[in-house]
Amino acid sequence: MVKDLGINIFRKKTWLLIFAFCFTYWAYLIPHTRMIIANDAIDFESSGRLIYQSGWLEFFRTGPHREPLYSALVALSMAWANFLSIDYQLILKIFQLMLLFSTQILLIVLLRKLSVRDGVIKAAVFYFGISPAVINAAFSVYYEIMVFPFVVAAVLIAGSLWSDIHLKRNYGPILWKTILFGVCFGLLALGRGVFQAVFYFFILPFCIFALWALFSRRGFILRRALIFIFAAVIIFYSSVSYVKTMNLRYNGERVLSKNHLFIFLASAYKRSQPISPRIIASNIASIPGTGVCRLFFSQQECEYADWYGMLRFSPEVSQKLGAIPKDRQESEVIRLVAGKVIDHPFQYIFFSIVEALKMPFWESTQNGYVNYPEFLTKFYNHPFVRFGSRLFAGLMTIAAFIFVTFDLWRMRRQHFNPLFFVWLMIAAYIFCYSSCCVLTRYTLPIASMYIVCISVAIDATTRRKNFDEQ
């Protein structure tokens with residue numbers, strides 16, 4: 001069991017060196033970085049302070065606010081900071097580094113379950129601990145870091161449940177893993193609302209499997225599958241529904257967080273506007289990043305191709321949302337977006353593909369909202385580092401995802417591969433975000449899944465190369 005949990009890594013010199021370097025680097029950055037409170041960070045800080053000073057009821061009365069899980073972490077940091085008479089940002093950095101470290105441990109467990117060689121795992125975990133984008137998430141007041149460990153945990157639990165439903169006859173392991181699965185996805189949704197939709201993508205394979213068991217008269221498998229499906233949905237829905245009900249009761253909106261309807265509708269407005277060859281070309285050029293787009297197009301054209309382009313329609317969208325009764329906003333926005341899609345189907349598909357293709361370009365030294373030491377700022381701003389790391393990581397991610405997709409298809413009839421849920425997490429998350437405009441930091445919750453795909457692809461290709469050479 002100790003070995004399965006990956007705890008024995010601390011008995012090995014190489015692992016000790018890897019984590020010693022990461023801890024030293026993090027320890028240096030804690031006093032030498034400053035969290036910049038601007039844009040969404042203002043919301044997270046104010047929400048956390050509201051919870052800390054006035055409690056949860058006031059949080060709901062003055063809402064809806066952003067997803068509550070990260071605000072709770074900020075409030076907890078403020079409470080500890082007040083007790084210790086220090087700046088809350090120091091405590092928040094430590095908490096967020098704990099989340100990063102726990103994600104590294106879970107990555108080790110997942111990669112070992114996928115039979116990736118130890119050397120590749122070490123490289124993957126080390127890079128994840130020093131990645132500029134991941135470090136930025138750990139040292140900024142933004143909520144992406146909150147879901148890091150739960151993404152990996154959800155994939156691990158889903159793979160284990162799939163095997164248990166197939167093989168085990170006693171219900172004990174299935175029941176407690178189902179509880180963990182529902183709680184894990186509940187926390188994911190409370191940390192990042194998009195996981196409300198991703199949850200049902202994860203339930204879908206189990207529903208298909210239950211239908212197969214029904215038609216093939218595998219009653220014992222069918223019972224276990226149905227127990228999992230119903231219990232997981234109830235646990236997940238209860239956690240999410242509680243927050244929505246509290247918002248409805250105290251501020252009149254049955255939502256998990258604010259802004260998602262605005263972004264969804266504003267993105268549809270942007271996609272339904274007349275387009276020109278330059279708009280098409282600038283959107284394609286913006287896929288690797290706005291910096292690449294600006295090599296070929298004006299700043300104004302690139303801003304329109306980026307997330308900020310939808311803000312041009314902010315007055316119109318805000319007026320439209322304001323005219324809709326709060327209890328009907330969600331259904332009405334879906335109707336309005338569906339109308340835009342029907343009126344401009346090819347444009348909508350094009351822009352959805354563009355946004356989906358942006359998602360693998362997750363690495364960045366320019367996510368902002370953190371003041372770094374001068375030498376690190378200069379290093380991050382060097383063109384080779386700034387553009388090279390992003391392009392290299394993005395192309396590696398795309399190639400690895402394609403490799404994993406074909407590998408899963410090739411092995412589909414042989415045996416279940418737990419890598420499927422890694423693939424599903426990436427595919428479902430990207431699909432959900434393809435319906436709106438995206439920022440680089442939106443991709444960070446699944447950065448660990450990208451690392452897993454890259455690790456698996458490198459491990460498999462080097463194994464085959466070594467085999468061919470022999």
Side-chain angles (χ1 to χ4, degrees), residues 5-6 18-19 22-23 25-26 29-30 35 40-41 44 66-74 76-77 91-111 121 124-159 180-181 183-196 198-199 202 359-360 362-364 367 369-370 393 397 421-422 424-426 428-430 432-433 438-455:
L5 291 174
I18 287 171
F19 282 108
C22 289
F23 291 161
Y25 182 49
W26 301 343
L29 290 177
I30 288 174
M35 295 170 160
D40 287 354
F44 295 125
R66 305 300 292 266
E67 291 88 340
L69 192 61
Y70 186 69
S71 298
L73 183 69
V74 175
L76 181 62
S77 301
I91 302 296
L92 184 60
K93 289 175 186 177
I94 293 172
F95 280 150
Q96 293 184 170
L97 287 171
M98 290 169 64
L99 290 169
L100 174 53
F101 175 64
S102 62
T103 307
Q104 287 180 299
I105 296 298
L106 289 169
L107 269 175
I108 295 170
V109 178
L110 177 56
L111 288 168
I121 298 176
V125 171
F126 175 70
Y127 183 76
F128 191 77
I130 64 168
S131 158
V134 173
I135 288 294
N136 182 274
F139 284 90
S140 60
V141 188
Y142 272 86
Y143 60 174
E144 284 78 19
I145 188 71
M146 193 73 233
V147 299
F148 274 23
F150 302 116
V151 168
V152 187
V155 169
L156 279 166
I157 298 167
L180 283 177
F181 181 84
V183 170
C184 190
F185 258 104
L187 291 171
L188 280 170
L190 295 178
R192 187 80 177 178
V194 68
F195 286 102
Q196 292 179 91
V198 174
F199 170 77
F202 266 66
M359 297 296 280
W362 58 276
E363 186 59 280
S364 177
N367 280 342
Y369 305 103
V370 181
T397 300
F421 287 107
V422 175
L424 182 62
M425 179 65 79
I426 295 172
Y429 190 88
I430 290 177
C432 291
Y433 263 117
V438 300
L439 290 167
T440 298
R441 62 184 179 85
Y442 291 0
T443 69
L444 294 181
I446 57 169
S448 57
M449 299 293 98
Y450 291 149
I451 291 289
V452 171
C453 282
I454 293 170
S455 302

Tell me the salt bridge (charged side-chain N to carboxylate O under 4.0 Å, His left out) pairs involving residues 125-141, sequence neighbours left out?
none

A side-chain contact here means heavy atoms from C-beta on lying under 4.5 Å apart; do W26 and I135 qualify?
yes

Atom pair CG (L97) and CG (L100), whose distance is rounded to the nearest 0.5 Å
6.0 Å

Restricting to side chain to side chain contact (heavy atoms under 4.5 Å, CB included), what partner residues turn up for L187, sequence neighbours left out?
L69, F150, V183

Results of side chain to side chain donor-acceptor pair (under 3.5 Å) for T397 - residues two or more places apart only:
W362

Does F185 have any ring-ring contact (aromatic ring centres under 6.0 Å, His included) partners at least two apart in sequence or in another chain, and if so, which?
F181, F199, F202

Specify the closest pair of heavy atoms between V194 and C432, including all atoms of both residues, with the distance to one decimal.
CG2-CB, 3.5 Å

Value for CE (M35) from OH (Y369), rounded to nearest 0.5 Å, stands at 14.5 Å

What is the minimum heavy-atom distance between A137 and F148, and which atoms define it?
CB-CZ, 4.1 Å

Close side-chain approach of S140 and N367, heavy atoms under 4.5 Å:
no

Flag the pair L188 / Q196 as yes when at least one side-chain heavy-atom distance between them is below 4.5 Å, and no otherwise.
no

d(M359 CE, L444 CG) to nearest 0.5 Å is 9.5 Å

So which heavy atom on S448 is nearest to which on V151, and how close?
OG-CG1, 4.2 Å

Straight-line distance of L73 CG to F44 CZ, nearest 0.5 Å
11.5 Å

For the side chain of S131 and the backbone of Y127, is there at least one donor-acceptor N/O pair under 3.5 Å apart?
no

Heavy-atom closest pair, residues P149 and L99
CG-CD2, 3.8 Å

Interatomic spacing from CZ in F19 to CZ in F101 - rounded to 0.5 Å:
5.0 Å

Can you check side chain to side chain contact (heavy atoms under 4.5 Å, CB included) on F195 and L190, steps first, answer last?
CA-CA 8 Å; F195 286 102; L190 295 178; over 6 Å; no

Report the residues that fulfil side chain to side chain donor-acceptor pair (under 3.5 Å) with Y143, sequence neighbours left out, ordered by chain and then residue number.
R66, R192

Rounded distance (nearest 0.5 Å) linking atom OG of S102 with atom CG of L107:
10.0 Å

Determine the sole option in T103, V452, I157 for which the side-chain contact (heavy atoms from CB on, under 4.5 Å) test with V152 is passed.
T103

Among all residues two or more places apart in sequence or in another chain, which pass the salt bridge (charged side-chain N to carboxylate O under 4.0 Å, His left out) test with R441?
D40, E144

Name all residues meeting the ring-ring contact (aromatic ring centres under 6.0 Å, His included) criterion together with Y433; count only those two or more places apart in sequence or in a different chain, and write none if there are none.
Y429, Y442

Can you give me the closest heavy-atom contact between C184 and A153, atom names plus distance?
SG-CB, 3.9 Å

For residues V422 and L110, determine if any side-chain heavy atom of one lies less than 4.5 Å from a side-chain heavy atom of the other.
yes

Looking only at side chains, do Q96 and Y142 share a donor and an acceptor under 3.5 Å apart?
no

Closest non-hydrogen atoms of E363 and A393, given as atom of the first, atom of the second and distance, are CB-CB, 3.6 Å

By side chain to side chain contact (heavy atoms under 4.5 Å, CB included) - contacts of I121 (at least two apart)
W15, I108, L111, R112, V116, D118, V125

Measure the shortest side-chain to side-chain distance between V147 and Y70 over non-hydrogen atoms and say whether it is less than 4.5 angstrom.
no

Quick check: do L156 and F421 have side-chain heavy atoms less than 4.5 Å from each other?
no

